[in-house]
Each structure stands twice: as structure tokens, then as C-alpha cells.
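What follows is a short report on a single structure.
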Amino acid sequence: MTLVKTKIGRRAFIKNTSLAGGGLILGFSIFNSCKPKEAEKLVVQEMPKEWFEINSYLKIGDNGLVTIMAPNPEFGQGVITSMPMIVADELDVAWKEVLVEQANFDTESYGWQFTGGSQGIRRRWEGLRMAGATAKQMLKEAAAQIWQVSVSEITVSEGVLRHKASGNSAGYGEMASVAAKLEVPKEVPLKEVKDFTIIGKSKKSVENQKIVTGKPLFGLDYQFENSLIAMVEHPPAFGLKLKSFDAAEVGSMPGIVDVFSIKTLEDDFKRGYFDTNAFTDLIAIVGKSTWEVMNAKKKLKAEWEPIADSTYKMDRFGTEVDVEVPKGLESTDEHYKKMKVMAAKPGTMVRKDGNPEAAFKKAAKIIERTYTCPFLAHNCMEPMNFFAHVTDEGAKLAGPLQAPGLTGPTVAARLGMPVERVDIELTRMGGGFGRRAYGHYAVEAALISQQAKAPIKLIYNREDDMTAGIYRPSYHATYKAALDENNNLVAFHVKAGGIPETPLFANRFPAGAVDNYLAEQWAINSNITIGAFRAPRSNFMAGVEQAFLDEVAEAAGKDPIDFRLELLERVKNDPVGENNEYEPNRLAGVLKLVREKSNWSQAPSGTHRGVSAYFCHNSYAAHVVDVVMEGDVPKVEKVVCAVDCGIVVNPDAAANMTEGAIVDGIGNAMYGELTFNEGQTEQKNFDRYKIIRYSETPNKIEVHFVRNEIDPTGLGEPPFPPVFGALANALYKATGERLYHQPFISRKQVIG
Amino acid sequence: MAIFNLNINGSEHSVEVDPNTPMLWVLRDHLKLVGTKYGCGIAQCGACTIHLGNSAVRSCQLPISVVANQKITTIEGLSENGDHPVQKAWLEIDVPQCGYCQAGQIMTASALLNQNPNPSDTEIETAMDGNICRCGTYTRIKKAIQLAVANQNLS
């Protein structure tokens, strides 16, 4: 075989503006610094002498190896494997010939590199397929040119091009240099679902070998020559700010290099959507080793003073809004009292169908229940951290970020340099759950490096991480349902609110299934920072709505699955209203699948079953939870789950994430609780903040995916919210008590 | 400050640090062995688990001054080629999600199997309950330990 080798020297751009997923614009450009990191495959595979970049997502070596870039940051959801799988499938290359490399912050090449909101695969799906398919087309065209045959006669399989009539064949590596010079085709055929060879076939995570052998992968592991360690001290409570501090005493402690204050965001700075941060005035301690800086931090003396009411401007993806921050030292007891008062008043009406008032008056039976949940902390296992080396020339940063596309510009603005001079390496994240969308710690690291005039790695200790969080809010919801004399659901009323936001989704099930429907909301402002948390609003609403529907089904004398399916049949045939968010067939589909797979009507003896189903983040999930009593203590024995998230790219990894969502749901429902007293969190570390542990995990979790050919709709969030409801329903069966207040174990209360 | 000579993963190391410095930070900051993770600093999460002799210990609570000549093994030294039965089982079951806690999980599990090659479910629970996995991979950890036990018994 001949190696066709041509020196490359071109920049190819194509822009696709017609892609699915909310107007994704995908720019292909040449990737300039593709140095494959240490890869285990290199032990057995010889590296190519030269790489040829076909587009910003992939390059092909002269020996046929392919490096595929993973564009989104990885925090455990598996996109570093599944995204390259999509490219590789359309490229038609054998998976064993693929090396994967994590892309860094590069908006021009990779667009919106966001990990969160169950958006990764959904938004990348078509773009990644095109990256593979256009490259394959270019390789075919290269072969057609060399062999002087028609491109339509060339076939491809596992990285080998063939022309049957002439008997020619060549590996991708041989044609890569020619292909790299060709115009990127404007249109390419994408595969039929039935023709996928990699998508839908489970692949192991490409980083597991490094994980199980302890290789540096995470931000906290980041090494840089002569780098110092930095820690920050923030006010001990929400509602306080820095007044003064004594730099001299700790400045003379062993290993301490510098102590100073930083202001992370100026008061008049127009914040981006993920610039949430309660503590913008911090004390920074810089030193030679983590232990020495930790010791100095313990000794640091500072005075704090109350904040005043204030307002800042925020750019909410193009809309400027004023965000009010109230003064005060807040407490959980006060929060619950205030929520009770607010919930008793009329809320803001968001949706009304029919005449709920009249329907409730005529009802044969009315059920009304109130539910609450506390704040939750994310508690990523890897505490917040970031490396920064800021010089006059630019800023070099590295660390864990979910939304580099928004953190990058904030870092640049705060340093007063163009974003092009801010280089951010995206390290693997030790968990995220929404927390690392808020990149204030990267800004802090950059400012500390700038002032210390040194490369530094900022490390939060666990207490910093837990007490300066951006939490899942505390919520409250009241549900009311009316049944007629034939036990039909004739009216439904939901009123929900929280601190400091409402969790309401007015257009989700059972909206659309009930003639008389009313949804209201309210909110109580707070200075406690809140944000993304594996679907913060959905994970409350799914839990309580599904627990409430269980009670309504019981009052109606109906099986809880049959009851839901009847309502969904109504939505399918004769929906009420026009704005229902969900597809009734898909929601019914997961219920039917979980009914079948759990053998719903035949619970094993001694087990108590609960069911739930929910739509959020474009996907559908249903659970059957089996609880057994071990003495007086309920234990989840088994969970059977059905998910419809469209095409599943990497099934075993998807099952892993779903199993994790179920364990996470059980843990937070049972134990998760962050409480405040005088503005301070009462839990500061894992001694008081309980995370679910090994022995509390179900013995068995079964995950079943609905098989269909719908483009992927997202998986990180959807299986999580409904767990809370199925668990509550199973616990009711096990104990005879309905649970209305999370967490179930430490705040168990029953309304009679 | 004092000079300490340590035996880590079969080789000798010398470091000069404050005698109270926990082994966690000696490993991570001074020896650049960052596979051992910081999670809580109060022995609640298990991310920093290493072997002291044959026992799993939380290195965040182990001052360098008490180590003396006891052998230390970290995740980097658990096996030469990443092929300890527990590591192999972890790969086979595809256990990790984010992966941050997994070195600690593997070190706890491997110490357990070293001391008790056929642990009961209760013994596994007791050993593993000290290691938090925030991603919730416990069901796979269970499968991987069972697989490692089975493979160990075959070999």
C-alpha cells in the first residue's frame, strides 16, 4: 500500500446553522495543539509519525489511528467516552483505533462546552455525527482522486476504504493527508440508526485505567512548576461581609508567602448567569504547601460585618435583570415559618384550565397535602479548586468547570484582558451536580495569582465547600385534588414556592389531564446563594407530586399505575390546554415498561412497593422501589427503573449514571439536609452532613431503556427526581405513614 | 521541621516537613503522588485511604511522625501494571463515574481482601461504609468486590 502524503497547510471552516438542539452553531476549525496525552493504548499501539487534522474534532495519523476530541468537560457522566463514540461511528473507524483527548476551553472550535442540564449528548448529537461523517466523506473523496474512480463507488468499513471494481483498498491513514486538504463537504449523509456500529454498543470509559491506578486527572491534582497553594477565607455566614483582618500574625507562620484580600466581582459588574456568588470580598492566604496554608487559615483573625440590602445586574442569556440581595442572618426555622405564611396566601397564577373553584365546591372527595424540603449542598467529592498563572501576557488556568464558556469571559473581564488571552485547561471533575457551573473559584484563583505574581492552586477545604455553597433551595408545595362520586379526578390545584425561588412547572403532568386545573407560585427572597442541583426544582416537584398522586389514586381506589395511565390516556386523546410540556405516550411508555419489568402486581413477600414516573429535561423515567423492613428500619432492597431518553449511545455507562441517580435520590430523600442558624450552615463537613453510604444502597438496581429511534434527549437529570416519590410511596406501604417533609429519616412527620 | 525517611510503594523517600503533617499532604504535595485524594480532612469520607502495612488507614489523620519504618502503599503502588485483582474487577465492571473517590474505595477493598479473602456481605459493608461515593456507584462497587473475590479464588 502506498502512503499518500501531502504537507497540510490550510484552515478549514464550515458553519452549520441548521442543526438541531436549539440553534447550535458548530464551527469546525483546525486544532493546533493536538498532542495526545499519555494513553494506555500507546503501550501496545505505535504512534503515528504525523497527524492530519480533518476538522477540530478529529485527526488521523498516518498509521490509521484516530484522535477524537471530547468537547464537553467530564464530571462522571461519561461524555469523554460517549461523545467520541458518536464521531467514531459516523467516521466508520474501529473503536480500538481511537484515542480520546479532552478539549480545552475553545469556543471557536467547540461552541457551548457546557456540562449540565442533561444537554450534552442532546445538543452535540447532530454536530458530532457531522464531524465524523464529513471526515469520512473527505477520505472517500481523497481515495477517489488517487484511484481515479467515482466517489460513489467507494465503500468504507472500520477505517478501510475499498473500490471493488479496481480492487483498490487503503486505510484511512494513507488517505488522511490528501483528505485534510479537501474542502469540507456542505452536505453529508448521516447513518440510519440500524447502521450504527458503535452507538448503542457498550464501551468502557476511556479514563478508567487512569482512575484505578491513581493518575493525575483532576483539578486538585494539577501540577505546575513552582506553583504555590492558596486558600481563601469567606464570611462565616450568609449576610456578613469582610470588615478587617490581621495579615501580620499568619503572614509570619511557616511556609506562608502572602496574605491579602481580593474583591472577586466589582459591585457594578454586570454578572453572567453563572456568576452567582455571595462572598465577593475574601482573604487569600498563599503559601508553599497545603498543610501550612491550612494551619494559617485556622489561625487567621478577621472581623465581619452585616451586609446592607443591595442589587446587582445580571445578564440572563441576553436579558438584563436586577437581582436583589436582602440583608439579614437567616435561619431554617424562620424559613419554614415564612413559607407557611406565604403558602396560605394566594400565589401568582401561572396556569388555569376550566373552573377549579366550582369543581372543588362540587367535589365528592377532596385531598389536600403540604410538602417541604430543606436546602441541599452538592458536596462534590473533589472540593472546589482551580489553578491560575496570570502574567501581563495572559492567563493560564486549569481546573474543574461545567460552563467554561461563561466563566472564561468573567475571568477575562475581571483581569482586564481579552478572553482570547485566557487559556483554560478543562480537567476531569470530581463530581459536579450543577455546582461547578458557578466558576467563582476560577475568578478567585486568577485574582490571587495576579496579586501574588505567582502560579497558584486555589483549594477549598471541605468546610469552605459546604459553607460557601450554591445550594438546592428549600421548597414548599401544597396540592389539592378533587374526586367526583365516581372517583374521577375532576380538579387539581398546585401552589408551590420556595426560598428564594419557585419550583413550579405549571405545564407538566397532570396538567393536560384534568379539566379544572390551577397552578400558582410564590417566592421569598434570600441572601443564601442557590443554583443548579441535578434538576433542583424538578427533584422536589417530582417527588411530592408523585407522592400526592399516590394518595389520590388510593383515595380513588385505583392502582397507582392504572390511575396514571388513565390520566395519560386522556391527555393523549383529548388534552386540556395547549402548552403541555410532555408527550403522554412516552410518559405512559416508561410506566408500562417498569410495570412489566418489576412484575408490579406480584411484589415478593415482605417487600413494600412504590412507583413514580416523571418527565423533565426532555426525557422520561419511572421507578418501582421495593422497601423491606429490617426491624424498625426501612431499607431499599431493589429498584427497577425504566427510562426513555431516545437513542442510548453507551448503554452500560448510561445504566451506571442511572444507578447513580437512583442512589443519589434515595440518599437525598432519606438524609439530605442543610440547615441554617444565624446565616451559618449547621453542617460543615461529612460528620454532620449525611451522604448515603454503601450499606444503605439497594442490593439491586435494574435499568431498562425504552428502545426507539428518537434522537437522544438527555439522561443526567431525568432518572433522579422521580426517585423521591417512588421511595415515599414505598415507605408508606412499609410503615403505614405518609411522609411529607424531607429528609425522611431525620424530619419524619406525618399529617393525619 | 524534621527529616523523615519513608518506605512508600517499595522505595525509599526522604522529606523534610512539620512532624504533624498528615501523610495525605506529604504524598500529594511533597512526593507528587496525587492518586490519594483529599475529601474531608476528618476521616469521614475515605478518599484518602492508603495501606499502612496491610491495613487501610485514612491518610488525612495519619501524621508523618507516627509512620516510622512501616511500609506505605498508595494507589500508585497497589500493583505494578494496574492489574491487582481489585483494579481489574473495577475495570471489568466499569465502576467509576467521576472517579474521584475510587482510589480510596479500591484501597479499602484491597486491604479487606488481603486480610479476609472471602468476606461476607456484612464484612464487606462494614469495611466499605467508611468510603463515600457521591456519584452513587455502590452497587457496582459491590459487584466488583464480588468479582475480585471470585477471581482471587480462581487464581
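Here is how names work: the chains are called A, B, and so on, in the same order as the sequence lines, proteins then strands, and each is numbered from 1.
- A/Ile692 touches chain B through backbone and side chain together, each having a heavy atom under 4.5 Å away.
- For B/Leu33, no part lies under 4.5 angstrom from a heavy atom of chain A.
- Contact of A/Met466 with chain B is not made at all, since no heavy-atom distance falls under 4.5 Å.
- Using a 4.5 Å cut-off between heavy atoms, A/Lys684 does not touch chain B at all.
- The aromatic rings of A/Phe720 and A/Phe724 lie perpendicular to each other, with more than 60° between the two planes, well past the 30° mark.
- Top candidate by heavy-atom pairs under 4.5 Å with chain A, chosen from B/Thr137, B/Ile93, B/Ile42, B/Asn81, is B/Ile42.
- Side-chain atoms of B/Met107 and B/Thr73, non-hydrogen and from C-beta on, do get closer than 4.5 Å to each other.
- The 12-atom threshold is exceeded at CD of B/Glu16, counting heavy atoms of other residues, nucleotides or ligands nearer than 6.0 Å.
- Within a 6.0 Å radius of NZ in A/Lys201, more than 12 heavy atoms belonging to other residues, nucleotides or ligands are found.
- The choice from A/Glu207, A/Lys700, A/Met294, A/Lys288 that makes the most heavy-atom pairs within less than 4.5 Å of chain B is A/Met294.
- In terms of heavy-atom pairs under 4.5 Å with chain A, the best-connected choice from B/Lys143, B/Met128, B/His84, B/Met1 is B/Met128.
- In this structure, the portions of B/Lys142 lying under 4.5 Å from any heavy atom of chain A include both its backbone and its side chain.
- Using a 4.0 Å cut-off between a side-chain N of Lys or Arg and a carboxylate O of Asp or Glu, A/Asp465 and A/Arg435 do not qualify as a salt bridge.
- When heavy atoms are compared at a cutoff of 4.5 Å, B/Gln102 approaches chain A solely by way of its side chain, counted from C-beta outward.
- If you tally non-hydrogen atom pairs under 4.5 Å between each of B/Gly99, B/Ala103, B/Cys40 and chain A, the highest count goes to B/Cys40.
- Among the candidates B/Lys88, B/Gln87, B/Gln105, the single residue satisfying the side-chain contact (heavy atoms from CB on, under 4.5 Å) test with A/Val212 is B/Gln87.
- In this structure, chain A has a heavy atom under 4.5 Å from the side chain of B/His30, while its backbone stays farther away.
- Using a 4.5 Å cut-off between heavy atoms, B/Asp94 touches chain A through backbone and side chain atoms alike.
- Ranked by heavy-atom pairs under 4.5 Å with chain A, the list B/Thr122, B/Thr139, B/Ile132, B/Ile106 is led by B/Ile132.
- Proximity of A/Ile459 to A/Pro383: side-chain heavy atoms (C-beta onward) are nowhere separated by under 4.5 Å.
- Ranking B/Ile124, B/Thr126, B/Asp121, B/Val17 against chain A, the residue ahead of the rest is B/Ile124, based on heavy-atom pairs under 4.5 Å.
- Contact of B/Val26 with chain A is not made at all, since no heavy-atom distance falls under 4.5 Å.
- Each of A/Ser695, A/Gly214, A/Gly430 has some count of heavy-atom pairs under 4.5 Å with chain B, and the biggest count is that of A/Ser695.
- There is no contact between A/Asp464 and chain B, counting heavy-atom distances below 4.5 Å.
- Under the 30°/60° scheme for interplanar angles, the aromatic rings of B/Tyr100 and A/Phe218 are found to stand perpendicular.
- For the pair B/Arg134 and A/Phe433, the cation-pi criterion (under 6.0 Å, within 45° of the ring axis) is fulfilled.
- Between chain A and the residues B/Asp18, B/Asn20, B/Thr36, the largest count of heavy-atom pairs under 4.5 Å involves B/Asn20.
- Per-residue counts of heavy-atom pairs under 4.5 Å with chain B were compared for A/Thr290, A/Val663, A/Asn379, A/Asp664; the largest is that of A/Thr290.
- For A/Met381, the parts lying near chain B are the backbone and the side chain together; criterion is any non-hydrogen pair under 4.5 Å.
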For A/Asp221 and A/Lys215: C-alpha separation, side-chain torsions, deciding distance, then whether salt bridge (Lys or Arg N to Asp or Glu O under 4.0 Å) applies.
CA-CA 9 Å; A/Asp221 304 341; A/Lys215 299 284 189 297; over 6 Å; no
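- Looking at B/Asp29, only its side chain comes within 4.5 Å of chain A, counting heavy atoms on both sides.
- Looking at A/Pro698, only its backbone comes within 4.5 Å of chain B, counting heavy atoms on both sides.
- A salt bridge links A/Asp652 with B/Arg140; the closest basic N to acidic carboxylate O contact falls under 4.0 Å.
- Ring-plane geometry between A/Tyr694 and B/Tyr138 is classed as perpendicular, the angle between the planes exceeding 60 degrees on a 0 to 90 degree scale with a lower cut at 30.
- Between A/Lys638 and A/Glu702, at least one side-chain N (NZ, or NE/NH1/NH2) sits under 4.0 Å from a carboxylate O, which counts as a salt bridge.
- For a residue to count as touching a neighbouring chain, one of its non-hydrogen atoms must lie under 4.5 Å from one of that chain's; by this rule A/Glu382 touches chain B with backbone and side chain alike.
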